[in-house]
Amino acid sequence: MFVRIWKKKDSYYAAVVKSVRDGKKVRQETVCYLGVVEENQVPYLKAAYSKNKPKLLYEDGRIYDGRKK
């Protein structure tokens, strides 16, 4: 699954989409429509659904990589 973002006029829209094989063709199917999102939310949405999760850096310099300690 991945996040599809598109811009219409001055608004950004987002949806969670998955690829589905239909015979020899591959098509995308909408799993969840997220609606209008702010421009500054786009990178966070894409990172949340990416295969390789990015490491998050806290203000005090600690790194959060999603693993339990």
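Not measured: the values here are computed from a predicted model.
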> Just jot down the side chain to side chain contact (heavy atoms under 4.5 Å, CB included) partners of Arg27, sequence neighbours excluded, or say none.
Val20, Asp22, Glu29

> Quick one: side chain to side chain contact (heavy atoms under 4.5 Å, CB included) partners of Val31, sequence neighbours excluded?
Met1, Val16, Lys18

> Identify, with sequence neighbours excluded, every residue that meets side chain to side chain contact (heavy atoms under 4.5 Å, CB included) alongside Tyr33.
Trp6, Tyr13, Ala15

> Mind checking side chain to side chain contact (heavy atoms under 4.5 Å, CB included) for Glu39 and listing every partner two or more places apart, or none if nothing turns up?
Tyr12

> Taking the hydrophobic residues Ile, Leu, Val, Met, Phe, Trp and Tyr, and joining any pair whose side-chain heavy atoms are under 4.5 Å apart, which ones share a cluster with Val26?
none

> Where do Leu45 and Val37 come nearest, in terms of heavy atoms and distance?
CD1-CG1, 3.8 Å

> Please write out which residues are connected to Val17 in a hydrophobic cluster, directly or through intermediates, given that two of Ile, Leu, Val, Met, Phe, Trp, Tyr count as joined at side-chain heavy-atom separations below 4.5 angstrom.
Phe2

